[in-house]
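Read through the structure below, which is laid out as structure tokens, and then see the notes.
Within every chain, numbering begins at 1; the chains are lettered A, B, ... in the order of the sequence lines, protein sequences first and strands thereafter.
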Number of protein chains: 2
Amino acid sequence: MSQAHERPTLEAVARLAGVSRATVSRVVNGSPKVAEPIRSAVRRAVEELGYIPNAAARSLVTQRTDSIALVLPESASRVFSDDPFFPSIIHGVSQELDAADKQLVLMMTNTVAGYERVERYTTARHVDGVLFASTHGVDPLPGQLSRLGVPVVVTGRPLGRSTVPYVDVDHVGGVRAAVRHLLETGHSRIATIAGPQDMVAGIDRLAGYRAELHGSDRRSIVAVGDFTRESGATAMRQLLEDDPLLDAVFVASDLMAHGAITTLRELGRRIPDDVAVVGFDDFDISRYTDPPLTTVRQPILELGRELARQLLRVIAGEDVDQAVVLPTELVVRASA
Amino acid sequence: MSQAHERPTLEAVARLAGVSRATVSRVVNGSPKVAEPIRSAVRRAVEELGYIPNAAARSLVTQRTDSIALVLPESASRVFSDDPFFPSIIHGVSQELDAADKQLVLMMTNTVAGYERVERYTTARHVDGVLFASTHGVDPLPGQLSRLGVPVVVTGRPLGRSTVPYVDVDHVGGVRAAVRHLLETGHSRIATIAGPQDMVAGIDRLAGYRAELHGSDRRSIVAVGDFTRESGATAMRQLLEDDPLLDAVFVASDLMAHGAITTLRELGRRIPDDVAVVGFDDFDISRYTDPPLTTVRQPILELGRELARQLLRVIAGEDVDQAVVLPTELVVRASA
DNA sequence: CCGGGCTGCGAGAGCGCTCTCAGAGCAGAG
DNA sequence: CTCTGCTCTGAGAGCGCTCTCGCAGCCCGG
């Protein structure tokens with residue numbers, strides 16, 4: 001049954017092929033300086049024994065593990081089942097790492113001990129580098145690891161000063177396009193449901209809204225949510241209390257936009273005739289809402305891929321830009 | 001900057017504390033047979049040097065890695081961004097592994113080479129065990145690994161004979177409850193949109209539908225989808241062509257049910273008055289469809305957790321049941 | 001025919017840890 | 001006071017691999 005203990009080692013292959021361990025190692029690792037007859041003899045021995053190198057032994061000497069950690073913050077788990085953001089990031093990262101033949105190790109800091117766990121694990125040289133997705137507030141861990149010599153890349157411009165390389169999307173540009181669209185289509189009372197103000201995504205999107213409104217004679221009407229559907233529904237109700245005559249709302253996430261739409265419909269407002277709605281994300285579901293959601297697309301999959309690519313570059317010792325910002329794009333559908 | 005090379009070893013700690021490597025190792029691993037004064041001297045040295053054990057060296061001798069692979073099949077990536085199934089599994093697995101202080105290594109077999117990659121990686125003793133989620137058709141890999149001595153647990157009753165332990169949900173029971181509900185509420189022409197017939201979930205849910213209908217004088221009206229929203233929309237159109245008078249439909253996944261609802265609405269059918277709709281999954285979104293979806297809840301998070309728990313038991317050498325089946329439950333909302 | 005350079009292979013050290021085994025030290029019994 | 005038995009610590013082997021280094025064999029030019 002279990003052949004776990006009898007798994008062949010380099011030594012065994014070497015004996016069978018009648019060569020030294022070093023030569024087998026060369027063949028296995030594709031060194032060019034092995035003569036052809038010997039090479040094929042070794043190949044045959046490897047095949048026959050079903051030899052597979054022991055990863056721990058190898059990385060003990062090479063100091064590499066060929067795996068990469070992706071750290072998702074506490075909040076990730078909370079919204080996990082409803083929010084395709086993290087799955088898409090994971091998917092994108094995984095695509096790039098697959099191509100580079102690296103493994104993805106997922107870590108969630110959803111327990112209190114998680115934070116310390118991540119630190120221990122990554123500094124135990126378990127992984128060659130660490131990716132952080134969507135950190136809240138000012139997270140010291142990325143900088144800390146980076147200072148310890150661990151390659152690190154994060155999503156989202158870090159709050160506070162930090163020299164850790166990051167990948168982000170153009171929140172402000174996307175939001176401005178959205179608000180401009182609302183202005184150009186003749187809306188005069190444009191409100192916003194902002195995201196959490198301890199996250200860059202929340203902060204920047206609100207800033208974009210304010211920036212585009214600034215200079216027009218429109219005043220800003222703001223409510224704040226936490227990117228969940230429920231918070232969007234609540235915030236919409238609040239906005240309508242604040243200004244019953246508002247005729248448009250930019251919502252800082254698609255999920256919150258869905259919540260807002262539910263509220264608007266409950267209160268008998270027609271979309272977009274009474275109130276135009278624009279979201280941010282362009283999740284798949286948003287094509288299927290009623291009406292289909294006008295929203296700002298952010299390339300989440302690509303964000304994940306770029307994140308991984310940057311880290312691989314850092315690991316390879318190449319120079320990388322401290323910031324990579326991916327473009328966003330307004331997708332006009334029926335809701336505005 | 002980079003302190004990577006100067007990272008302290010056991011040896012260094014031992015020297016500083018004035019003891020042997022063995023004693024430091026004992027303290028680090030919490031062995032009780034170390035006298036208190038020495039123990040605290042070692043602790044101080046560990047603290048002072050910031051010592052963290054090298055994982056590779058440790059697992060080279062212990063033959064354990066304290067990490068677990070979760071393998072998602074090709075199709076996972078395809079539906080990843082729209083289907084909360086895999087995220088929930090990941091989340092559940094991760095909860096249990098966190099508690100056991102194990103790491104989660106994610107692998108997707110979405111490339112052609114992925115299959116072989118998984119095999120190499122897992123047999124390289126990179127992980128202590130392997131979890132498979134939602135395999136399609138008859139996948140030989142789980143059995144193969146299991147025969148090589150690698151602990152394996154899979155989701156979903158395996159097709160074909162297999163002795164690999166699995167965790168699944170009670171598809172048939174849930175579906176029968178759903179169809180019974182439709183019968184009891186006076187529906188006479190009950191159709192179904194089935195899932196892919198190369199997956200247990202697809203097969204069993206169709207079987208449940210047939211089983212409950214059997215004996216009543218109703219005939220079965222079947223279309224097949226692939227669990228995606230689009231396929232649900234298409235299948236619904238097909239069903240209405242086959243039987244324009246049908247008054248209820250059991251749809252084998254929530255996403256397909258959403259598609260079906262879209263189609264029904266486009267064709268002017270009222271839900272549930274003209275056609276009652278029941279789904280399967282109870283995804284979060286299904287509470288927010290219009291009307292809210294009556295559906296069969298399957299405990300996906302719990303499925304992931306149980307999956308991990310079973311594997312941990314196998315790894316610990318305990319006996320486990322070859323099958324664990326979690327209950328499903330009909331959740332009645334407005335669509336039926 | 002000899003010496004220098006090159007290529008291909010093997011010997012052996014060592015990566016950082018765990019764990020067995022033996023021995024030192026001490027307490028208590030005889 | 002000796003002997004037994006126990007507890008605690010250290011020495012050392014070894015996990016499976018990579019990689020440096022040196023040497024053997026060969027080819028070529030002088």
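Atoms CZ (B/Arg7) and P (C/dG16) sit 11 Å apart, rounded to a whole Å. Put simply, CG on B/Asn54 is 6 Å from P on C/dC17, counting in whole angstrom units. Following rounding to the nearest Å, B/Gln63 (CD) and D/dC17 (P) show an atom-to-atom distance of 11 Å. Between the CD atom of B/Glu11 and the C1' atom of D/dG10 there is a distance of 12 Å, rounded to whole Å. Atom CD1 of A/Ile52 is separated from atom C1' of D/dC17 by 15 Å (rounded to the nearest Å). What separates CZ of A/Arg125 from C1' of C/dG16 is a distance of 13 Å, to the nearest Å. Atom CZ in A/Arg64 sits roughly 15 Å away from atom P in D/dC17 (whole-Å rounding). Distance CZ (B/Arg39) to P (D/dT7): 15 Å, rounded to an integer number of Å.
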For nucleotides 23-25 of chain C, list the nitrogen or oxygen atoms of the protein found under 3.5 Å from its nitrogen or oxygen atoms, one pair per line.
none

Grab the N/O contacts between the protein and nucleotides 7-13 of chain C below 3.5 Å, and write none if there aren't any.
| unit_1 | atom_1 | unit_2 | atom_2 | d |
| --- | --- | --- | --- | --- |
| C/dC9 | OP2 | A/Ala35 | N | 2.8 |
| C/dG10 | OP2 | A/Ser20 | N | 3.0 |
| C/dG10 | OP2 | A/Ser20 | OG | 2.9 |
| C/dG10 | OP2 | A/Thr23 | OG1 | 2.4 |
| C/dG10 | O6 | A/Arg26 | NH2 | 2.4 |
| C/dA13 | N6 | A/Arg21 | NH2 | 2.9 |

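Electrostatic pairing of A/Arg43 and A/Glu36 does not count as a salt bridge here, judged by no charged N lying under 4.0 Å from a carboxylate O.
Here the side chain of B/Ser162 pairs no donor or acceptor atom with the backbone of B/Pro158 at under 3.5 angstrom. No side-chain donor-acceptor contact under 3.5 Å links B/Thr23 to the backbone of B/Val19. In this structure, B/Ser67 contributes its side chain and B/Leu104 its backbone to no donor-acceptor pair below 3.5 Å.
No side-chain donor-acceptor contact under 3.5 Å links A/Gln144 and A/Arg147.
We find the NE2-CE distance between A/His126 and A/Met107 to be 9.0 Å, quoted to the nearest 0.5 Å. For the atom pair B/Leu307 CG and B/Leu97 CG, the distance stands at 9.0 Å (nearest 0.5 Å).
The side chain to side chain donor-acceptor pair (under 3.5 Å) with B/Asp66 is formed by just one residue from the set B/Lys102, B/Gln103, B/Arg58; it is B/Lys102. Of the options B/Leu145, B/Asp128, B/Val127, B/Ile315, a side chain to side chain contact (heavy atoms under 4.5 Å, CB included) to B/Val150 is made by B/Leu145 and by none of the others.
Of the side-chain N and O atoms in B/Asn29, one or more sit less than 4.0 angstrom from OP1 or OP2 of C/dT18.
Applying the 6.0 Å contact sphere to CD of A/Glu47 captures no more than 12 heavy atoms from other residues, nucleotides or ligands.
Scanning both residues, A/Leu326 and A/Pro299, for their nearest heavy atoms gives CB-CG, 4.0 Å.
Rounded to 10°, the helix from C/dC1-D/dG30 to C/dG30-D/dC1 has 50° between the axis fitted to its first five pairs and the one fitted to its last five.
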